[in-house]
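Note sheet for the following structure.
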Amino acid sequence: MKISPEIILLYKKLEKIYHYRELMASEENKIEVEEITSHFSALYEKLRNTVDFKEVHLLRRYAIERNLKRRFILETLKPQIAAGLLEDLVRSRYLLNKTIPESQIRRVENIIAKYNDLFLLMNDLYHGDEIKDYFDWLIALEACEIDMLINPEDVADTVIEAMYQITKSRIKIKGDDLNVKEKNIQLYVAIHKSLVKSDDIIISYHLLNLYFDSWLKADQETIKTMATHLPEIYRTIQRHLKHPYQRRIYQAIKEPVVTFQILYDLILSKNGNMTELQELLTDPEALEAEAKILIAQKYKKIRRRVSGASVRAIIYIFITKVLFALVLELPYEMYVIKEMNYFNLGINVVFPPILMFLVTLTIVPPTKKNTEKILDHLKNVLYDSHEQSILCQLKTKYRKNLGYQIFYYFMYTVLYIVVFGSIIYLLRELDFNLLSGAIFLFFLTAVSFFAMRIRSAASELKVEREKEGVISFLVNFFALPIVAAGRWMASKFKKINLFAFVMDYIVEAPFKLFVAAFEHWLGFMREKKEEVFRDNQ
């Protein structure tokens with residue numbers, strides 16, 4: 001069968017990428033740390049990540065960001081911190097020991113120096129509350145740029161570009177006047193978010209380089225231009241990230257996204273062996289057999305990942321809830337109302353993790369028909385078969401004039417009152433006091449939102465349209481206010497995490513200094529040991 005032109009171009013780009021990786025791997029001097037200190041650092045990172053619920057594939061970048069913020073508060077971000085930063089990442093097992101070339105230290109130094117110059121210019125140009133948003137955003141972008149350097153997503157970016165080129169001509173927007181440029185940007189953003197689970201910072205990084213293509217190799221003039229136009233750049237990127245139609249385009253491309261996820265994993269499974277990849281792509285039967293095995297493995301991997309995310313969420317919720325009980329509920333009942341209700345206290349501690357556990361039990365795995373549908377889409381993409389257009393309906397089917405809007409929001413408010421009123425009534429019947437009831441509602445909404453996110457992650461390979469039954473409809477209908485409240489709290493209070501703050505700015509700084517000093521001492525002792533043995537020979 002004839003391979004499509006976009007896939008041929010993808011193959012040629014992959015050849016260049018893997019050739020560059022071979023050159024990098026051939027460098028002799030690699031960053032090396034002591035295994036003993038690595039055990040301590042890795043253990044700390046596991047504990048730290050337990051108290052702050054983040055996606056697993058973003059943990060390394062968040063670790064870089066934490067490191068930069070800590071150093072930014074304690075000192076200026078001098079380029080000399082690059083070696084310590086990379087050693088800390090290897091020590092914490094975000095990067096493999098003896099795999100990162102020492103030449104990367106110099107490249108990381110250049111990135112840090114570039115952003116440091118930008119920060120110095122910003123101090124002169126901007127003042128007030130807005131500068132904090134700029135600093136937080138830029139430090140996150142700096143962490144992202146460092147992460148992309150030491151662990152490039154070049155293969156992922158190439159697959160994203162191939163999907164973008166194939167999908168761009170197929171997607172048909174219906175229902176509103178969305179200009180071609182904005183449509184293409186929103187399609188690109190949707191592909192990034194769905195295909196490789198990019199967050200807003202990763203997408204901001206790519207959009208920044210789209211608008212400001214000289215930024216990666218910026219000189220002093222470019223840095224000055226960036227500093228003077230920063231508000232405009234920031235607002236433009238934020239507008240793209242928060243575009244009202246982004247979600248609808250994201251939902252419309254679900255099927256091609258799953259197809260390219262399988263293609264991406266097939267490419268990765270060859271570990272850079274371009275001969276094997278070429279043989280696979282040119283043999284439809286071998287491709288189908290290997291893809292079928294891969295899809296089955298991905299189903300299992302998703303189940304494991306969902307189970308892992310559920311366990312981490314349950315542990316985090318349980319620890320947080322126990323601390324709430326010890327710090328707030330117990331003192332309040334003992335010293336304010338002077339009446340202990342151990343039954344309600346037990347419900348408040350046990351109910352949130354049990355709810356999370358029960359929600360994850362209801363996750364239904366994909367069917368055999370789902371696998372067959374994925375394989376059909378994969379063949380169509382690879383072998384240039386005719387594909388039907390992807391229709392994206394932007395306008396909603398309900399009427400949007402003022403009278404109808406008032407009615408809709410009135411009924412939505414009534415639903416909130418009915419749902420939360422019923423829960424509050426039940427809590428009063430169980431003799432919950434004001435504080436215990438408020439804490440119960442807080443954790444109910446938060447857990448419901450996190451549980452829905454985990455359920456969404458579990459369905460990432462589903463391309464079949466699920467039929468919603470009556471019971472499922474009623475559960476989703478009455479759960480909507482609870483999940484919506486949890487989403488609102490997560491967006492408003494995601495930066496308020498007392499445990500993460502304590503670990504980042506009180507525990508982590510001295511701990512990392514101690515581990516680094518201990519490693520240097522081990523190196524000194526090893527050198528002395530070699531001297532002693534050499535002198536005795």
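The structure presented is a predicted model; accordingly, all values stated were derived computationally and were not measured.
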When rounded to the nearest 0.5 angstrom, what is the spacing between [atom1] in [X] and [atom2] in [Y]?
X: Met356; Y: Phe351; atom1: CE; atom2: CZ; value: 11.5 Å
X: Glu142; Y: Asp147; atom1: CD; atom2: CG; value: 12.5 Å
X: Ile81; Y: Leu68; atom1: CD1; atom2: CG; value: 5.5 Å
X: His240; Y: Gln186; atom1: NE2; atom2: CD; value: 7.5 Å
X: Ile150; Y: Leu95; atom1: CD1; atom2: CG; value: 4.5 Å
X: Tyr164; Y: Asp157; atom1: OH; atom2: CG; value: 14.0 Å

Looking at [X], I want to see if its [atom1] is surrounded by more than 12 non-hydrogen atoms of other residues, nucleotides or ligands under 6.0 Å.
X: Lys301; atom1: NZ; value: no
X: Phe343; atom1: CZ; value: no
X: Tyr234; atom1: OH; value: yes
X: Leu358; atom1: CG; value: yes
X: Tyr211; atom1: OH; value: yes
X: Leu426; atom1: CG; value: yes
X: Ile36; atom1: CD1; value: no

Worked check of side chain to side chain contact (heavy atoms under 4.5 Å, CB included) between Val90 and Leu96: CA-CA 6 Å; Val90 175; Leu96 294 175; over 6 Å; no
Pair Tyr44 + His39: ring centers closer than 6.0 Å: no
How far apart are the closest heavy atoms of [X] and [Y], and which atoms are they?
X: Ser198; Y: Lys193; result: O-CG, 3.6 Å
X: Lys462; Y: Pro365; result: CE-C, 4.1 Å
X: Glu460; Y: Lys254; result: O-CE, 3.4 Å
X: Val257; Y: Ser194; result: CG2-OG, 3.1 Å
X: Pro352; Y: Ile347; result: CD-O, 4.0 Å
X: Pro231; Y: Tyr134; result: CB-OH, 3.3 Å

Cation-aromatic face contact Lys114/Trp215, 6.0 Å, 45 degrees: yes
Looking only at atom types and distance, does a side-chain atom of [X] sit under 3.5 Å from a main-chain N or O of [Y], one as donor and one as acceptor?
X: His57; Y: Lys197; result: yes
X: Asp199; Y: Ile202; result: yes
X: Asn116; Y: Lys78; result: no
X: Thr37; Y: Val33; result: no

Verdict with supporting geometry, Tyr188 and Ile203, side chain to side chain contact (heavy atoms under 4.5 Å, CB included): CA-CA 9 Å; Tyr188 180 78; Ile203 295 169; 5.7 Å; no
With sequence neighbours excluded, residues passing ring pair (Phe, Tyr, Trp, His ring centres under 6.0 Å) with Phe135: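 Counting only residues at least two positions away or on another chain, Phe135 forms a ring pair (Phe, Tyr, Trp, His ring centres under 6.0 Å) with Phe72, Phe119.
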Are the side chains of [X] and [Y] in touch, meaning some heavy atoms are under 4.5 Å apart?
X: Val258; Y: Lys373; answer: no
X: Met163; Y: Pro256; answer: yes
X: Ile185; Y: Leu207; answer: yes
X: Ile171; Y: Lys183; answer: yes
X: Ile131; Y: Asn123; answer: yes
X: Ile233; Y: Thr236; answer: no
X: Leu241; Y: Ser204; answer: yes
X: Ile191; Y: Tyr250; answer: no

Can you tell me if [X] and [Y] form a side-chain donor-acceptor pair at under 3.5 Å?
X: Ser41; Y: Arg93; value: no
X: Asn433; Y: Ser436; value: yes
X: Asp200; Y: Tyr205; value: no
X: Asn67; Y: Asp88; value: yes

Derivation and outcome, side chain to side chain contact (heavy atoms under 4.5 Å, CB included), residues Ile112 and Ile146: CA-CA 9 Å; Ile112 294 171; Ile146 293 171; 4.3 Å; yes
Name each donor-acceptor pair under 3.5 Å that joins a side chain in residues 438-452 to protein atoms two or more places apart or in another chain, with its distance.
residue : atom : partner : partner atom : Å
Thr445  : OG1  : Leu441  : O            : 3.1
Thr445  : OG1  : Phe442  : O            : 2.8
Ser448  : OG   : Leu444  : O            : 2.7

Aromatic ring pairing His243/Tyr245, orientation class (parallel under 30°, perpendicular over 60°, tilted between):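 Taking Tyr245 first and then His243, their aromatic rings sit tilted (interplane angle of 30° to 60°).
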Salt bridge present between Arg91 and Glu45 (N-O < 4.0 angstrom): no
Trace of the side chain to side chain contact (heavy atoms under 4.5 Å, CB included) decision for Ile337 with Leu434: CA-CA 10 Å; Ile337 63 175; Leu434 183 64; over 6 Å; no
All side chain to side chain donor-acceptor pair (under 3.5 Å) counterparts of Ser459, not counting sequence neighbours: none
Contacts of type side chain to side chain donor-acceptor pair (under 3.5 Å), residue Lys298, not counting sequence neighbours: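 Here the qualifying residues are Asp265.
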Residue list, side-chain contact (heavy atoms from CB on, under 4.5 Å) with Ile417, at least two apart or on another chain: Thr413
Results of side-chain contact (heavy atoms from CB on, under 4.5 Å) for Val418 - residues two or more places apart only: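 Scan of Val418 (side-chain contact (heavy atoms from CB on, under 4.5 Å), adjacent residues dropped) gives Val414, Ser422.
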Ring pair (Phe, Tyr, Trp, His ring centres under 6.0 Å) evaluation trace for Phe260 with Tyr264: CA-CA 6 Å; Phe260 277 89; Tyr264 178 49; over 10 Å; no
